[in-house]
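Below is one structure, written out as structure tokens; comments come after it.
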Amino acid sequence: MAHVSRVGGRLSFHRRAKDAQVLATSQKQVRHIECIVARRLTLGGKPGQLLDTYFTLHSSPNSKAFYTSEVVHHSVNPTWRHLDLHRIQPWELASANITVRVWGRPWTSEQHHEADEFQVLVQYDVDMHGLSFLRKKLVTGPPIAFKPDTLLFELREGFYCTESPSEVPSDLPPTEDAAAVMPILRVNSSRVKRGYTKAALLRAHDLQKAIALARASAEISRQKTTEVLQHRQTTEEKRRPLAQARLKRAALHDELLVQRELVQNQQEGLHNLRQQIASRDEKLQTALQRLAEHLEALKRRKKKLRQLRDHVADMAYSVLVGQATKILQLHSIYPIKQLSPSVCSVCDIKLPNSDYSGCDEAEVAAALGHVSHLVFMIAKYLDVPLRYALNCKCSRSTIRDDVSTHVGEKSREFPLYVTKVKERKDFELGVFLLNKNVQQLLEHCGVKVGDLRNTLPNLRMLILHFSQVLTKGPGKRSQPIVAGGKATGGASQSGSASASPAGSTPPSYSSGGGSLPKYAV
């Protein structure tokens, strides 16, 4: 049965599954639709107006469209392109009930339209199993007079349409009383068949008997088959432990082979490892022999080194004795005596400790000349290059500063005598540089400097150091001596290089154990 309604210019077609004629030879789903064709579309029930149309597919009347076709312009019999199944979800393709809506608008020559100008021309709620086959192709066969708003579905077998008299096309032109015969189903006379005859009924009865006998025979066969299957099942249950045991035995045999191969590989690896150990043992024995030889050679070299060190020590002591002898001979030439705690003399010429106020300038110049010559000779014997070069000219000796960068080339030489008042500053600087040379010699010999300004006491302590070298003999080092007469074993302090504060008392020397031996020149 078909139900057609038009609401607001929209044609709605409803079909129930129980009224549909289901084909027994094939299924019909959305995935089987190849193309959709419309014939004699109308807008508001007024035929003859050209339209722009497209259609949409819905899973239900109230759901959104899951497929939208292209727009066909200027036609009332549109044939849209084949459906693009890739745009449809798989669960939609398997559906057999769909809703088809055809949208349209009047065609005009103007090219600009708004999207909301389209309106629903017709809506179909279609059950795919209820479609009726029309023909293989529309272009073949006699012409067909379609009803308004007819929708055709092209499947693999051909074109299908609905069975509603208002929508199924007829091969005959419509008559005036077509509306009165709408509920009648029209059938082609070639498809009408005769009813059953008595012979046919007897044959059907015989067939039913044969079927009953066949069913009984099948039941007997089924029982026998069941018994055979049960017997086989019992036999299989009895054989299953044996089969499991065989499988287990085969698995254990395979595992045994694997373990044997593994043991064989491990034995081969052990044999190779023993060979490597033997080879390494031989190399180790060879290395131990070479080590013993090297140790013996090392002992011989150490013994030779000790001999060389002893020889070098004897040579160094001989050199030191020679230096000390020459320096003590210099002391016999330039004897230094302490006259008072703040005044010493050299060659019986008084020389205060860097404070020459009230002293005879000639005596001071002569004493500084003797000191400069004594320092120059000691540096020469010790093979020590002085930081500040000395030019020994008795009472007209000078000292040169080639180290400082803030001194000009013309003013690098400073006198050790005073001839004019304006040269007093250069004279004091020259005495300071001479004391720095004395400090350099003391530090070279390992003697600590107590006060940089004590010129003659510092020289006397240097000569006393070398006298102790001769007294103690070889293999004994003299203990460092401080300008105050005390011996310490430490290094020079940071304040030893700087001059003592003004007014400090110079160190005194005892006349007992501090006297120097005299050597003939």
*I would like to know whether Met128 and Ile33 meet side-chain contact (heavy atoms from CB on, under 4.5 Å); could you show each step before the answer?*
CA-CA 10 Å; Met128 298 295 296; Ile33 299 176; 3.6 Å; yes
_Which residues pass the side chain to side chain donor-acceptor pair (under 3.5 Å) test with Gln307, not counting sequence neighbours?_
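Testing Gln307 for side chain to side chain donor-acceptor pair (under 3.5 Å), a comparison that skips the adjacent residues, returns none.
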_Tell me whether the count of non-hydrogen atoms from other residues, nucleotides or ligands lying under 6.0 Å of CG in Asp383 goes above 12._
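Open: at most 12 neighbouring heavy atoms sit under 6.0 Å from CG of Asp383.
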*Heavy-atom neighbours of Arg232 CZ exceed 12 at 6.0 Å*: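 No, the 6.0 Å shell around CZ holds no more than 12 heavy atoms from other groups.
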*Just checking, is any N or O donor in the side chain of His58 or Thr56 under 3.5 Å from an acceptor N or O on the other one?*
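Checked: His58/Thr56 side chains pair up, N/O donor to acceptor below 3.5 Å.
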*His271 and Gln275: side-chain donor and acceptor closer than 3.5 Å?*
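Indeed, the side chains of His271 and Gln275 share at least one donor-acceptor pair under 3.5 Å.
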Nearest 0.5 angstrom please: [X] [atom1] to [Y] [atom2], how far?
{"X": "Lys448", "Y": "Leu442", "atom1": "NZ", "atom2": "CG", "result": "12.5 Å"}
{"X": "Asp52", "Y": "Ser75", "atom1": "CG", "atom2": "OG", "result": "9.5 Å"}
{"X": "Arg387", "Y": "Asn437", "atom1": "CZ", "atom2": "CG", "result": "7.5 Å"}
{"X": "Leu57", "Y": "Phe66", "atom1": "CG", "atom2": "CZ", "result": "4.5 Å"}
{"X": "Arg101", "Y": "Tyr124", "atom1": "CZ", "atom2": "OH", "result": "14.0 Å"}
{"X": "Asn77", "Y": "Arg40", "atom1": "CG", "atom2": "CZ", "result": "9.0 Å"}

Which heavy-atom pair separates [X] from [Y] by the least distance, and what is that distance?
{"X": "Val403", "Y": "Asp401", "answer": "N-OD1, 3.0 Å"}
{"X": "Glu92", "Y": "Ser59", "answer": "OE1-CB, 3.5 Å"}
{"X": "Thr99", "Y": "Ser60", "answer": "OG1-C, 3.6 Å"}
{"X": "Asp426", "Y": "Phe414", "answer": "O-CB, 3.7 Å"}
{"X": "Pro106", "Y": "Leu43", "answer": "CG-CD2, 3.6 Å"}
{"X": "Thr53", "Y": "Leu121", "answer": "CG2-CD1, 3.9 Å"}

Is the ring centre of [X] less than 6.0 Å from the ring centre of [Y]?
{"X": "Phe133", "Y": "Tyr160", "value": "yes"}
{"X": "Tyr54", "Y": "Phe118", "value": "yes"}
{"X": "Trp103", "Y": "Phe55", "value": "no"}

*Give a yes or no answer on whether the side chain of Glu413 reaches the backbone of Ile399 with a donor-acceptor pair at less than 3.5 Å.*
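Pair absent, no side-chain N/O of Glu413 close to backbone of Ile399.
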*Is there a donor-acceptor pair closer than 3.5 Å between any side-chain N or O of Arg87 and the backbone N or O of Thr68?*
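Between the backbone of Thr68 and the side chain of Arg87 there is a qualifying donor-acceptor contact (under 3.5 Å).
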Taking only distance into account, with no hydrogens and no angle test, what donor-acceptor pairs under 3.5 Å do side-chain atoms of residues 250-263 form with protein atoms, sequence neighbours excluded?
residue : atom : partner : partner atom : Å
Glu255  : OE2  : Gln259  : NE2          : 2.9

*asked:* What verdict does the side-chain hydrogen bond (donor to acceptor under 3.5 Å, both in side chains) test give for Gln289 and Glu293, after you've listed the backbone C-alpha separation in whole Å, the side-chain angles of each residue and the deciding distance to 0.1 Å?
replied: CA-CA 6 Å; Gln289 294 178 1; Glu293 295 175 358; over 6 Å; no
*Return each pair, listed once, that meets salt bridge (charged side-chain N to carboxylate O under 4.0 Å, His left out) where at least one residue sits in residues 217-228; pairs must be two or more places apart or across chains.*
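Residue pairs passing salt bridge (charged side-chain N to carboxylate O under 4.0 Å, His left out), neighbours aside: Glu219-Arg222.
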